**Student:** 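Dropping the structure in here first, questions after.
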Amino acid sequence: MLNGNITITQFIIEEQRRIQGATGDFTSLLNDIVTACKVISNLVNHGALVGVLGQAGTENVQGEDQKKLDVISNEVFLRSNEWAGHLAAMASEEMEDIYTIPKQYPRGKYLLTFDPLDGSSNIDVNVSVGTIFSILRCPGECASPGADAFLQAGTQQVCAGYALYGPSTMMVLTTGNGVNGFTLDQNIGEFVLTHPNMTIPTETKEFAINASNGRFWEAPVKRYVDECLAGSEGPRKKDFNMRWIASMVAEVHRILTRGGIFMYPLDEKMKAKGLGGKLRLMYEANPMSFIIEQAGGMSTTGRERIMAIKPDDLHQRVPVILGSKAEVERVTAYHFDDGQDTRRVSAA
Ligand code: P6P
C-alpha cells in the first residue's frame, strides 16, 4: 500500500496467490513488462527533448514507415523481457520473425506478443499512444519454439494488457479475473490501483470509426453508421456522438471508461488488396478483445467472435468491432440479417 493505494506489484502478487501452484514466474514476467512500459512512458513524455520524434527511415513487416519511437520501444521490450528466464520467445508488430531468447539466457514457459507503440502516427502531433501486450503459454517443449507456437486462439491468453501514454500514464490488465486500471505515480515511479473492476456499459451513444473509408464499407456497417447518423429522427430514436483518435489504445480506454463501440471493419479496399482487415490479431485484436470481454463487452469481426479465431499467420489481420455489448451485437446481427434469419454471435 502507498498512500492508501495498492501498487501494481502488490496487486499482481495477490493475483498470483489466487492461482493454484503459481511459482511467481508469471508475476516476475508481468513486472518486467511493467518496467518496459515505464521506460517507454518516460521516452514518450520527453519526446522532442530527447530526440526520439520523427521517422526511423525504415519500414515494418506491414510495410508501414516506422517512427524512431516504434524501433526504440521495440528494443525496450526485448531488453526488458529477454533475460529473466520467463519467456521462450517474443513476437512484435515491428519484427517480421519471432524473437527467440538468446542462448546466454534461460528459457521459460511463456510467449509474449506486443505492439510496442500503437498509434505511433500520433506521436509527432502529441496525441495519446500506447503499448499492447498478450501472454500465452508455450505449448509442449519450449527449447526452441517456432512461429507456430504463437498461433493459438485468443481464448488461450493467460494475460492481456495495455499501457496508455496520455495526460496520465495508465496500465490496464486482465488475467481472466476482471479488468483493473493503474495510474503511474510519477513521484515514486510506481503504478497504483486507481480503476478497480472496470466494466463497460451495455448501451452507448458513442461510436468510433474512420469515416473517410465510408465509401468502401460493407452494407451492414454502412447501415449501422447511417442509423447512428440519423439520430433521434431515425430508427435508433436517439442521437449519437462520434470519436476517432487513430490510436486503438486510447479508443479502447475511452470505451472501458464510459462505453462505446470501436469499428475497424473489413471493407472493399482491403478485400481488393487481399487483406483480412487493418488491425493485427495476435497483438492488437486478441489482447484488446480479452480485456473488453472481461469487462462485460463484446468483440467480433462482424461475423465471428475474435477470440475464437485459430490464427494461421503471426501478423494476420482481422476486422474489429468491439465495445458495448448491445451495439456490437446489433452490428454483428446486421452481418447475418439477409432478410431471413438473424443469428447472434455468442460473446463467449
Ligand atoms: P487509420 C494505429 O496505426 C492503428 O493500428 C490503431 O491504433 C488505430 O485504431 C488505427 O490503426 C488507425 O487507423 O486508418 O485511422 O490511421
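Atom set for the values below is all heavy atoms of this structure, side chains included, hydrogens, waters and symmetry mates excluded. Quick caveat, the model's predicted, so the values are computed rather than measured.
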**Student:** Just wondering, are more than 12 heavy atoms of other shown residues or ligands nearer than 6.0 Å to CG in Asp313?
**Tutor:**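 Above 12, so yes.
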**Student:** Could you tell me whether the side chain of Ser324 and the main chain of Glu327 form a donor-acceptor pair under 3.5 Å?
**Tutor:**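 Pair absent, no side-chain N/O of Ser324 close to backbone of Glu327.
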**Student:** Could you tell me whether a side-chain N or O of Glu141 sits under 3.5 Å from a main-chain N or O of Ala143, the two making a donor and an acceptor?
**Tutor:**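 At least one qualifying donor-acceptor pair exists.
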**Student:** Taking the side chain as everything from C-beta on, heavy atoms only, tell me whether Ile8 gets closer than 4.5 Å to Val34.
**Tutor:**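 Contact flag for Ile8/Val34 side chains = yes.
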**Student:** For the residue pair Thr300 and Thr332, confirm or rule out a side-chain donor-acceptor distance under 3.5 Å.
**Tutor:**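 Short answer, yes.
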**Student:** For the residue pair Asn286 and Ser134, confirm or rule out a side-chain donor-acceptor distance under 3.5 Å.
**Tutor:**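 Note: Asn286 and Ser134 side chains miss the donor-acceptor criterion.
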**Student:** Working to the nearest 0.5 angstrom, can you tell me the gap between Gln156 CD and Lys310 NZ?
**Tutor:**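 Between atom CD of Gln156 and atom NZ of Lys310 there are 9.5 Å.
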**Student:** Out of curiosity, does Trp244 fall in the hydrophobic cluster containing Tyr224 (side-chain heavy atoms, cut-off under 4.5 Å, transitive links)?
**Tutor:**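 Tyr224 and Trp244: one cluster.
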**Student:** Contact between Phe191 and Thr7 at the side-chain level, heavy atoms closer than 4.5 Å - yes or no?
**Tutor:**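 Sidechains of Thr7 and Phe191: no contact.
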**Student:** List the steps, then state whether side chain to side chain contact (heavy atoms under 4.5 Å, CB included) holds for Thr183 with Thr169.
**Tutor:** CA-CA 6 Å; Thr183 303; Thr169 288; over 6 Å; no
**Student:** Are Phe290 and Met288 connected in the hydrophobic side-chain network, where two residues link if heavy atoms are under 4.5 Å apart?
**Tutor:**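 Cluster IDs for Phe290 and Met288 differ.
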**Student:** Compare every heavy atom of Met171 with every heavy atom of Cys37, then report the nearest pair and how far apart it is.
**Tutor:**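 That would be SG-CE, 4.0 Å.
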**Student:** Give a yes or no answer on whether the side chain of Gln316 reaches the backbone of Asp312 with a donor-acceptor pair at less than 3.5 Å.
**Tutor:**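 Here the side-chain-to-backbone pair exists.
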**Student:** Taking the inter-plane angle between the rings of Phe77 and Phe133 on a 0 to 90° scale, is it parallel (under 30°), tilted (30 to 60°) or perpendicular (over 60°)?
**Tutor:**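 Phe77 vs Phe133 ring planes: tilted.
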**Student:** Roughly how far, to the nearest 0.5 Å, is CG of Leu173 from CE of Met198?
**Tutor:**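 The CG atom of Leu173 is 11.0 Å from CE of Met198, to the nearest 0.5 Å.
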**Student:** Quick one: does Ser232's side chain get under 4.5 Å of Lys237's, heavy atoms only?
**Tutor:**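 When only atoms from C-beta onward are counted, Lys237 and Ser232 do not touch, as no gap falls below 4.5 Å.
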**Student:** Linking I/L/V/M/F/W/Y whenever any side-chain heavy atoms sit under 4.5 Å apart, do Met282 and Met307 land together?
**Tutor:**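 No, no single cluster joins them.
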**Student:** Ignoring hydrogens, what is the shortest heavy-atom contact between Arg258 and Arg243? Give both atom names and the distance.
**Tutor:**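 Looking at all heavy atoms of both residues, the closest pair is NH2-NE, 3.6 Å.
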**Student:** Would Asp337 and Arg223 pass as an ion pair if we require N to O under 4.0 Å?
**Tutor:**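 Counted as a salt bridge, because a side-chain N and a carboxylate O are separated by less than 4.0 Å.
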**Student:** Are Glu203 and Lys325 within salt-bridge range, i.e. N to O under 4.0 Å?
**Tutor:**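 No.
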**Student:** Can you see which heavy atom on Ser128 is nearest to which on Ala250, and at what distance?
**Tutor:**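 Ser128 and Ala250 have their closest heavy atoms at CB-CB, 4.3 Å.
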**Student:** Write down the atom of Gly323, the atom of Val328, and the distance for their closest heavy-atom approach.
**Tutor:**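 Here Gly323 and Val328 meet closest at N-CG2, 3.4 Å.
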**Student:** Backbone N or O of Ala285 within a donor-acceptor pair of the Ser289 side chain at under 3.5 Å?
**Tutor:**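 Present.
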**Student:** So, are Arg280 and Glu64 salt-bridged, with charged N and O less than 4.0 Å apart?
**Tutor:**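 Yes, this pair counts.
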**Student:** Determine whether a donor-acceptor pair (N or O, by modelled atom type, separation under 3.5 Å) exists between the side chain of Gln157 and the backbone of Gly154.
**Tutor:**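 Yes; judged by distance alone, with no hydrogens or angles, the pair exists.
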**Student:** So does Pro116 get a backbone contact from the side chain of Asn74, meaning a donor-acceptor N/O pair under 3.5 Å?
**Tutor:**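 No, Asn74 side chain to Pro116 backbone: no donor-acceptor pair under 3.5 Å.
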**Student:** With respect to Thr175, which candidate in Gln294, Gln16, Glu15 satisfies the side-chain hydrogen bond (donor to acceptor under 3.5 Å, both in side chains) definition?
**Tutor:**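 Only one option passes, and that is Glu15.
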**Student:** Distance from Leu53 atom CG to Asp124 atom CG, nearest 0.5 Å?
**Tutor:**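 The CG atom of Asp124 is 5.0 Å from CG of Leu53, to the nearest 0.5 Å.
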**Student:** If I take atom CD1 from residue Ile132 and atom CD1 from residue Ile291, how far apart are they, to the nearest 0.5 angstrom?
**Tutor:**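 One gets 8.0 Å once the value is rounded to the nearest 0.5 Å.
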**Student:** If you define the side chain from C-beta out and look only at heavy atoms, does anything of Glu59 sit under 4.5 Å from Gln66?
**Tutor:**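 Counting from C-beta outward, Glu59 and Gln66 never come under 4.5 Å.
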**Student:** Taking C-beta and beyond as the side chain, do Ile209 and Trp217 meet within less than 4.5 Å on heavy atoms?
**Tutor:**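 Ile209 reaches Trp217 side chain to side chain.
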**Student:** Indicate whether the side chain of Glu190 and that of Thr9 have a donor and an acceptor atom separated by less than 3.5 Å.
**Tutor:**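 Checked: Glu190/Thr9 side chains pair up, N/O donor to acceptor below 3.5 Å.
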**Student:** Quick check against the 3.5 Å criterion: does Asp267 have a side-chain atom that pairs as donor or acceptor with the backbone of Met270?
**Tutor:**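 The answer is yes, because a donor-acceptor pair under 3.5 Å joins these two groups.
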**Student:** Do you know which two heavy atoms are closest between Val76 and Ala36, and how far apart they sit?
**Tutor:**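 The answer is CG1-O, 3.6 Å.
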**Student:** Answer with yes or no whether the hydrophobic clustering places Leu30 together with Leu193; edges join I, L, V, M, F, W, Y residues whose side-chain heavy atoms lie under 4.5 Å apart.
**Tutor:**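 Hydrophobic grouping puts Leu30 with Leu193.
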**Student:** Are the ring centres of Phe182 and His195 closer than 6.0 Å?
**Tutor:**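 Ring centroids of Phe182 and His195 are no less than 6.0 Å from each other.
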**Student:** Applying side chain to side chain contact (heavy atoms under 4.5 Å, CB included), run through Thr100 and Met90 and close with a yes or a no.
**Tutor:** CA-CA 7 Å; Thr100 44; Met90 296 185 242; over 6 Å; no
**Student:** Nearest 0.5 Å, what's the SG-CG distance between Cys159 and Asn177?
**Tutor:**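 Those atoms lie 11.5 Å apart.
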**Student:** Please step through side chain to side chain contact (heavy atoms under 4.5 Å, CB included) for the pair Glu93 and His315, ending with a clear verdict.
**Tutor:** CA-CA 7 Å; Glu93 174 179 314; His315 299 290; 5.7 Å; no
**Student:** Could you verify whether a donor N or O on one side chain and an acceptor N or O on the other, from Gln55 and Lys68, lie under 3.5 Å apart?
**Tutor:**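 No, no side-chain donor-acceptor contact under 3.5 Å.
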**Student:** Salt bridge (Lys or Arg N to Asp or Glu O under 4.0 Å) for Arg317 and Glu284? Distances and angles first, verdict last.
**Tutor:** CA-CA 9 Å; Arg317 295 168 183 258; Glu284 288 175 327; over 6 Å; no
**Student:** Any heavy-atom pair between the side chains of Phe262 and Leu279 that's under 4.5 Å?
**Tutor:**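 Of all side-chain heavy-atom pairs linking Phe262 with Leu279, at least one is under 4.5 Å.
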**Student:** Can Lys238 and Glu233 be said to form a salt bridge (Lys or Arg N to Asp or Glu O under 4.0 Å), step by step?
**Tutor:** CA-CA 8 Å; Lys238 63 180 180 178; Glu233 290 96 65; over 6 Å; no
**Student:** Working to the nearest 0.5 Å, report the span between CE of Met298 and CD1 of Ile261.
**Tutor:**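 Spacing of CE (Met298) from CD1 (Ile261) equals 10.0 Å.
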**Student:** Quick one: are Val172 and Asn180 in side-chain contact, heavy atoms under 4.5 Å?
**Tutor:**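 Val172 vs Asn180: side chains apart.
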**Student:** What pair of heavy atoms forms the shortest contact from Ala295 to Val179, and how long is it?
**Tutor:**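 Heavy atoms of Ala295 and Val179 come nearest at N-CG2, 3.8 Å.
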**Student:** According to a hydrophobic-cluster definition based on side-chain heavy atoms being under 4.5 Å apart (Ile, Leu, Val, Met, Phe, Trp, Tyr only), do Ile135 and Leu151 belong together?
**Tutor:**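 No, Ile135 and Leu151 fall in different hydrophobic clusters.
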**Student:** Quick check: does any side chain N or O of His46 sit under 3.5 Å from a backbone N or O of Asn42, one acting as donor and the other as acceptor?
**Tutor:**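 Between the backbone of Asn42 and the side chain of His46 there is a qualifying donor-acceptor contact (under 3.5 Å).
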**Student:** Examine distances only and state if a side-chain atom of Asp70 and a backbone atom of Lys67 form a donor-acceptor pair shorter than 3.5 Å.
**Tutor:**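 Present.
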**Student:** Ignoring hydrogens and angles, tell me if any N or O in the side chain of Thr301 forms a donor-acceptor pair with the backbone of Glu304 under 3.5 Å.
**Tutor:**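 Yes: the side chain of Thr301 pairs with the backbone of Glu304.
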**Student:** Will you find, in the side chains of Tyr283 and Glu94, an N or O donor that is under 3.5 Å from an N or O acceptor?
**Tutor:**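 The criterion, which ignores hydrogens and geometry beyond distance, is not satisfied for Glu94 and Tyr283.
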**Student:** Starting from Val125 and following side-chain heavy-atom contacts under 4.5 Å between hydrophobic residues (I, L, V, M, F, W, Y), which residues can be reached?
**Tutor:**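 Val127, Ile245, which link up through side-chain heavy atoms under 4.5 Å apart, make up the rest of the cluster.
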**Student:** Can you check salt bridge (Lys or Arg N to Asp or Glu O under 4.0 Å) on Arg215 and Glu268, steps first, answer last?
**Tutor:** CA-CA 9 Å; Arg215 63 189 184 284; Glu268 299 310 326; over 6 Å; no
**Student:** How far apart are the C-alpha atoms of His86 and Asp32, what are their side-chain angles, what is the distance that settles it, and do they pass the side chain to side chain contact (heavy atoms under 4.5 Å, CB included) test?
**Tutor:** CA-CA 10 Å; His86 308 307; Asp32 294 342; 3.7 Å; yes
**Student:** Can you tell whether the side chains of Asp239 and Lys205 come within less than 4.0 Å, N to carboxylate O?
**Tutor:**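 Between Lys205 and Asp239 there is no salt bridge, as every charged N stays at least 4.0 Å from the carboxylate O atoms.
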**Student:** Going by heavy atoms in the side chains, are Val158 and Leu136 under 4.5 Å from each other?
**Tutor:**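 With C-beta onward as the side chain, the pair stays apart.
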